[in-house]
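Reading through the structure tokens given below for one structure.
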Amino acid sequence: MIEFPKDFFWGAATAAYQVEGNNLNADWWEWEKRTGVKESSGKACRHYEFYKQDFDLAKSLNHNCHRFSIEWSRVEPQENKFDESEINHYQDVVLSLKERNLEPIVTLHHFTNPIWFARAGGWGSSRNIDYFLKYVEKIVGALGDRVRFWVTINEPLVYTYHSYILGVWPPQEKSLPKSKVVTDNLACAHIKAYKLIHAVYKKRNLPAPSISIAKNLQAFAPCKDSLRNRIAVYLRDRGYNFAFLDELARHKALDFIGINYYTRGLVDTEGWRLKNLLLDTCKKGHSQLEKNTLGWDIYPEGLYKLLVRIKRYNLPVFILENGICTENDNARRDFIRQHLKSLHSAMDKGVKVLGYIYWSLIDNYEWDKGFAPRFGIIGVDYNTYERTIRESAKEFAQTCKTGRLE
Ligand code: IFM
């Protein structure tokens with residue numbers, strides 16, 4: 001039996017665009033219509049209407065925190081024109097969480113942008129960072145008295161990878177140099193937002209908030225043990241896992257380290273070009289590990305291995321996302337169990353962990369992959385929008401209640 005600390009946070013996450021529905025003013029919405037993606041987000045899970053019921057379910061599952069995101073394009077549908085009714089909506093979201101004793105963990109940017117911001121060049125232009133800061137100031141002003149945990153940007157490198165390297169998400173550019181510019185702008189935006197949020201709290205005499213990003217980490221391993229693959233693993237581990245965090249830590253712009261962990265990348269390079277070293281993965285099916293329905297390797301040990309290396313930042317860690325898409329709920333139960341064990345082993349090695357948040361509370365819109373991947377501990381019927389609590393959710397609920405895992 002393993003035991004987690006008494007004050008541990010337990011919960012699940014969502015992101016606005018993936019669950020709310022009808023985010024008409026987001027670049028993604030416009031892009032879905034223009035390019036005819038596999039599946040459009042449409043009404044998503046209608047969480048914009050059903051958030052209270054969804055929070056009731058989270059509460060019934062013994063969660064004590066909930067991570068969600070604000071849809072920037074809702075609250076500022078046009079440049080400099082904030083929609084107060086949408087801000088009121090998110091105030092009510094926070095209040096509803098508080099009423100249920102669910103600690104709100106608020107993400108300010110989770111992949112989507114207002115259309116006007118994208119048209120102005122989005123994250124490709126450093127001048128646009130000020131737009132983000134204005135939005136952050138507005139939201140923090142409106143919600144600050146009830147929010148302790150802020151996540152400025154979700155998975156910055158996942159965003160640049162899909163939007164500016166692979167080119168499968170808007171704005172569909174494929175340029176390594178541009179992806180570097182965007183990554184630098186995201187780092188700069190976080191550092192400035194971090195200072196701004198602290199300043200707002202100070203000015204209002206509120207207790208200092210805890211601010212971070214949600215950093216996606218991957219365990220990388222060479223497929224064939226060649227020098228080239230080993231160099232590629234080194235570069236990816238440095239560049240993908242740690243460079244961004246190092247930059248924020250250098251600016252003392254992190255109060256904790258938010259981590260999203262899902263998988264291992266099996267590296268198999270096809271050449272010596274930078275592109276090969278940074279991007280090639282094994283396409284020959286050499287991995288023996290079990291997979292989720294998107295084909296991602298399931299590798300719980302990776303969480304332990306990365307966490308013990310995170311110790312050097314000397315900051316508490318918060319697992320902000322960890323999850324599996326599967327049609328087999330037993331696999332989800334095992335996934336959660338194994339990752340919690342791995343997490344606990346890292347804690348035994350002295351890593352201070354604040355909490356564990358499963359991705360996701362409910363099935364949702366998995367971006368360009370549509371609605372097929374089922375990540376939720378609660379299932380969603382997309383015809384009736386009915387929610388069904390899965391068995392894995394019930395087992396997780398026991399751990400949330402007791403802090404123990406048999
Ligand atoms: O659905 C995504 C989420 O938006 C960000 N983190 C990974 C999840 C699963 O792919």
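Just follow the structure's listing: the first ligand is 1, and inside any ligand the first atom is 1.
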Does the distance from a Lys or Arg side-chain N to an Asp or Glu carboxylate O, for D56 and R387, drop under 4.0 Å? no
Please state which protein non-hydrogen atom is closest to atom 8 (C) of ligand 1 and give its distance, to 0.1 Å? Y262 OH, 3.4 Å
With backbone taken as N, CA, C and O and side chain as the heavy atoms from C-beta onward, which portion of W296 lies under 4.0 Å from ligand 1: side chain, backbone, both, or neither? side chain
Candidate list Y385, Y365, F55, test ring-ring contact (aromatic ring centres under 6.0 Å, His included), partner H47, passing option: F55
Of E321, Q18, H110, the residue with the heavy atom nearest atom 6 (N) of ligand 1 is E321
Looking only at non-hydrogen atoms, which of K369, E366, E155 approaches atom 1 (O) of ligand 1 most closely? E366
Between H344 (side chain) and E3 (backbone), is there a donor-acceptor pair under 3.5 Å? yes
Within 45° cone and under 6.0 Å: K369 NZ/CZ vs W367 ring: no
For N154, atoms of ligand 1 separated by under 4.0 Å from a heavy atom: 5 (C)
Any idea which atoms of ligand 1 are less than 4.0 Å away from a heavy-atom of F111? 4 (O), 5 (C)
Does one side chain, of N128 or N185, offer a donor that lies under 3.5 Å from an acceptor on the other? no
